[in-house]
Amino acid sequence: MAPKIQPRVPRGMRDILPQKMLLRQYVIGLVEKTFQRFGFEPLQTPVLELRETLMGKYGADAEKLIYDAQHREGKEELSLRYDLTVPLTRVVAMYPDLPKPFKRYQIAPVWRAERPQKGRYREFYQCDADIVGSKSMLADAEIVTMIYTLLAQLGFRSFTTKINNRKILTGIGQYAGLPPAELGGLYRSLDKLDKIGADGVRAEMTQNQIPAEAIERIMKLIAVPTDALGELRELLGEFPVAREGLDELEQLATFLSDANIPRTNFQFDVAMVRGLAYYTGPIYETVVTEPRIGSLTGGGRYDDLVGLFANQSIPTTGTSFGIERIIDVMDELAMYPASIGKTVTQVLVTIFQRELAGVSIQIANRLRAAGINAELSFETENLGKQLKYAAAKSIPFAVIIGPDENSARQVTLRDLTSGEQTRIDQAELAKALAAKLPSEPPDSI
RNA sequence: GUGGCCAUAGCUCAAUGGCAGAGCGUCUGACUGUGGAUCAGAAGGUUGCGGGUUCGACACCCGUUGGCCACCCCA
C-alpha cells in the first residue's frame, strides 16, 4: 500500500462542511435575491484569466498577490482572478453591444496570496454588483441604496457606509502641495485616521518626511467633521478637481435623501481611502460599528477601467460585499433565523425490519413527491440506532412503520424535538407532516 | 512580505528531561417497538513533520509546515 499522505488543504483555503454551507446559502441567497430586486443580472466568467488581463490594474502591491495558474504545456499565461471587477470590464469590452446601462452581479470565488488570518482567506467569495454605462450619480445612489437594503435585510442595524471621492483626494494632494510620488503614503496615513487618531496621522506623516507646512494643512482638513461638505468646499474650493468631487457628493446626498436612507447609515468622510488604483470618482466602504469588525463592503466608481481594454472609456460604478466577513459577523452574533436547520432533511423514514423495507421505501418516495425532504434509513434492524442517527443530524421528524402501524395502514410520526408521537394514516402523512414543518419565509424585501 | 505566540486522542486540555493521561465525544453491551438519562466495557497516539543534544525528549536546540495575533494590505 502506498504511504498515507496527510489530508490537508492549501494554506489559507478551507472546506466548508454541510452545516456551515446551509448558513452560507441562506446569506448568499438573500444577497442574490436583493441584487435581482434591483434589476441586476447574473454573470459568470472563468476563474482563470489571461495574466495580461489582470496585470496593471490593481497597483503593484496588490499584483504581488495574484496567483499564477500555469499548465505545464500551456501556451497562454494564466492567472487566478483577483477580483470580479476586472473580469467585468473585460466582458464589457468584449461585448460592446450589451445594452447600457449594463447591470450585472456575480457571486464567485477569487484568490489572493495574502497571509491568512481569521476571516481572511486566500480563496474567498466576492459578491459584486456593478452598473456599467452611466455616469449619473443616480447610479451611485442606487449602489449605496442597495448596500443599505441588503445589510438591513440581513439583520444589521448599526452600520455606516462611508463615502468619499477620489477627486477630493486628488484635490487634497494639490491642497497639500505634495508631489505625486508622495500621495500614496499620504492617503494611507489618512485612511488610518479612525484607527490611530489625528495625532497618529500627524506622527506618521512626519515620519514619512512630509513637509511641516503640508502636514499643517492636512491636519486642518481632517479636523473638519464628517458630512460637512460645505466646510470642505471652503478649504478645497480653489481646486477644480475637488470642486467636481464635492459637486458629485452633493448630488449623491440629495438622491440618498430622496431614497429615505436613514441619515445614520451613510456618512461623507474625507479620510476614507480605498486601496485599489482604478477608482476615479465616489468611493464607498461600509463599516459595522457594533461590534467593531472592519469593513463589510467596498466599492466605488471606476470610469476609466474599461478604457484599458477598449478605445472608449465607459463610466462604471459598483460595490463588492465581503461575504466571508459578513458571514463571520453573522455567525458571531447568531443573526440567522431559527428556521435554518442543521440539515436539509426534514424527516427520516425508518425501517422497522427487513420485511417492511418496501413499505418504508414507498412512504419515503411519496413524501418526496409531496415536496418534503425525506431520508430513507439504510438500517433494517435496530430502530434505536436509526433514531440516534436522526438525533445526531438534528433531523426534526422520524416516521416509524412497524407491523402494528402497517396492518392498520398507518405510521407513527415522531417529533424528535419534543418526543411527541402520533399515529397517522399513511395516506394523510405528507399533508400532516407538511403542516408541522416551518413554512418558507415570505419572498419580500 | 516583516515580527511574535502556538501545535499532545475526533474536540477542550494535562503530563520536574524518566511508563502519554483526563473530561467530553465515538463505538459495543445492559434495557427494547424509540434518540437524549443511567450503568458496564472498548476503541482511539510515530506528541504536526525532519534533524540535533542526551543513557533517556511531549519537554531542550535548529529547521520546516500549518494555525492564530500585530504590521503591510485588504473583503
Side-chain angles (χ1 to χ4, degrees), chain A residues 3-14 17 27 31 58-66 82-85 107-128 147 184-185 187-189 191-192 195-196 200 204 272-277 284-288 293-300 319-329 348 350-353 356 377 379-407 411-421 423:
Chain A
K4 278 185 196 145
I5 8 165
Q6 278 294 317
R8 55 183 209 93
V9 292
R11 181 173 201 199
M13 306 193 184
R14 70 250 212 257
L17 298 180
V27 175
V31 171
Y58 305 105
D61 280 351
E63 274 160 24
K64 278 189 269 182
L65 305 177
I66 293 176
Y82 177 88
D83 70 0
L84 303 176
T85 305
I107 301 172
V110 302
W111 291 266
R112 297 182 184 180
E114 287 192 274
R115 189 109 151 196
Q117 260 180 61
K118 200 187 194 79
R120 204 167 162 187
Y121 309 98
R122 292 185 156 192
E123 175 186 60
F124 62 95
Y125 269 68
Q126 277 197 334
C127 299
D128 279 24
I147 291 171
Y187 295 152
R188 273 193 293 277
S189 302
D191 199 28
K192 291 186 204 160
K195 205 185 234 177
I196 62 181
E204 197 160 296
M272 191 274 287
V273 180
R274 305 233 71 235
L276 293 177
Y284 336 105
E285 184 168 294
T286 308
V287 293
V288 170
I293 178 84
S295 59
L296 294 189
T297 82
T319 191
S320 178
F321 290 84
I323 194 75
E324 310 290 356
R325 221 173 252 183
I326 289 173
I327 288 169
D328 278 353
V329 179
L348 176 73
T350 60
I351 296 178
F352 193 84
Q353 59 198 32
L356 288 169
S377 180
E379 169 78 40
T380 59
E381 324 232 305
N382 189 338
L383 187 58
K385 208 166 165 183
Q386 300 178 48
L387 290 173
K388 208 165 174 179
Y389 167 78
K393 263 192 78 173
S394 301
I395 297 171
F397 291 95
V399 169
I400 298 159
I401 315 110
D404 295 350
E405 287 90 344
N406 195 44
S407 58
V411 303
T412 292
L413 177 62
R414 181 174 177 86
D415 181 330
L416 278 295
T417 318
S418 65
E420 279 174 37
Q421 297 197 157
R423 289 278 284 257

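Chain letters run A, B, ... following the sequence lines, proteins first and then strands; every chain starts at 1. Both backbone and side-chain heavy atoms feed into the values below; hydrogens, waters and symmetry mates do not.
Remark: B:rA40 base-pairs with B:rU28; criterion is Watson-Crick or G-U wobble with both hydrogen-bond distances under 3.5 Å. Pair check for B:rG1 finds B:rC71; Watson-Crick or G-U wobble, both atom distances under 3.5 Å. As the counterpart of B:rA59, no nucleotide is assigned, since no Watson-Crick or G-U wobble pattern has both distances under 3.5 Å. Shown here, B:rA7 forms a base pair with B:rU65; the pair counts as Watson-Crick or G-U wobble because both key distances fall under 3.5 Å. In a base pair of the Watson-Crick type (N1 to N3 plus N6-O4 or O6-N4) or a G-U wobble (N1-O2 and O6-N3), with each distance short of 3.5 Å, B:rU54 is matched with no nucleotide. Under the Watson-Crick and G-U wobble criteria, each requiring two contacts below 3.5 Å, nucleotide B:rA22 is paired to B:rU12. Across all strands shown, B:rU47 has no partner, as no Watson-Crick or G-U wobble contact with both distances under 3.5 Å is found.
Using modelled atom types, one side-chain atom of A:E324 and one backbone atom of A:Y125 make a donor-acceptor pair closer than 3.5 Å. Side chain of A:T380 to backbone of A:Q353: no donor-acceptor contact under 3.5 angstrom is found. Proximity of a side-chain donor or acceptor of A:E405 to a complementary backbone N or O of A:G402 within less than 3.5 Å is detected.
Residue-level contact check: A:E405 touches the bases, meaning some heavy atom is under 4.0 Å from a base atom. Among the heavy atoms of the strands lying under 4.0 Å from A:Y121 is at least one base atom, whether or not backbone atoms are also near. Contacts of A:G384 with the nucleic acid, taken as non-hydrogen atoms under 4.0 Å apart, involve only primed sugar atoms and P, OP1 or OP2. A:G59 comes within 4.0 angstrom of nothing in the nucleic acid, heavy atoms only. A:K385 comes within 4.0 angstrom of sugar-phosphate atoms only, judged by non-hydrogen atoms across all strands, and of no base. Counting non-hydrogen atoms under 4.0 angstrom, A:F352 reaches a base of the nucleic acid. Among the protein residues, A:I400 comes within range of the nucleic acid bases, having at least one heavy atom under 4.0 Å from a base atom. Within the nucleic acid shown, A:R414 comes within 4.0 Å of at least one base atom, counting heavy atoms only.
Put simply, CD1 on A:I196 is 16 Å from P on B:rA70, counting in whole angstrom units. Rounded to whole Å, atom C1' of B:rC74 lies 8 Å from atom CZ of A:F124. In this structure, A:Q126 atom CD and B:rC74 atom P are separated by 13 Å, rounded to whole Å. Between the C1' atom of B:rC74 and the CG atom of A:L296 lies a distance of 13 Å, rounded to the nearest Å. To the nearest angstrom, C1' of B:rG1 lies 13 Å from CD of A:Q117. When the P atom of B:rA75 is taken as reference, atom CZ of A:R14 falls 16 Å away, rounded to whole Å. Rounded to an integer number of Å, the gap from A:D404 CG to B:rU34 C1' is 14 Å. The separation between A:N382 atom CG and B:rC31 atom P is 13 Å, rounded to whole Å.
Using a 4.0 Å cut-off, some side-chain N or O of A:K192 falls inside it from OP1 or OP2 of B:rC72. The shortest distance between the side-chain N/O atoms of A:K388 and the OP1/OP2 oxygens of B:rU26 is not below 4.0 Å.
The side chain of A:E114 sits closest to B:rC74 out of B:rC74, B:rG66, B:rU34. Set against B:rG67, B:rA75, B:rG35, the side chain of A:R11 has B:rG67 as its closest nucleotide.
Distance check on atom P: B:rU34 versus B:rG41 gives 25 Å, rounded to whole Å.
Looking only at atom types and distance, the side chain of A:Q421 has no donor-acceptor partner in the side chain of A:T412 under 3.5 Å away.
Evaluation of atom-type donor-acceptor distances gives no pair under 3.5 Å for the side chain of A:R115 against the base of B:rC68. Side-chain N/O atoms of A:Q386 and base N/O atoms of B:rU34 include no donor-acceptor pair closer than 3.5 Å.
When all heavy atoms of A:T297 and A:T286 are compared, the closest pair comes out as OG1-OG1, 2.7 Å. Across all non-hydrogen atoms, the minimal contact from A:L356 to A:P403 is CD1-N, 3.7 Å.
Put simply, the side chain of A:P116 does not reach to within 4.5 Å of the side chain of A:M13, judged on heavy atoms.
Nearest-nucleotide positions on RNA chain B place A:P116 closer to the 5' end than the other of A:P116 and A:R120.
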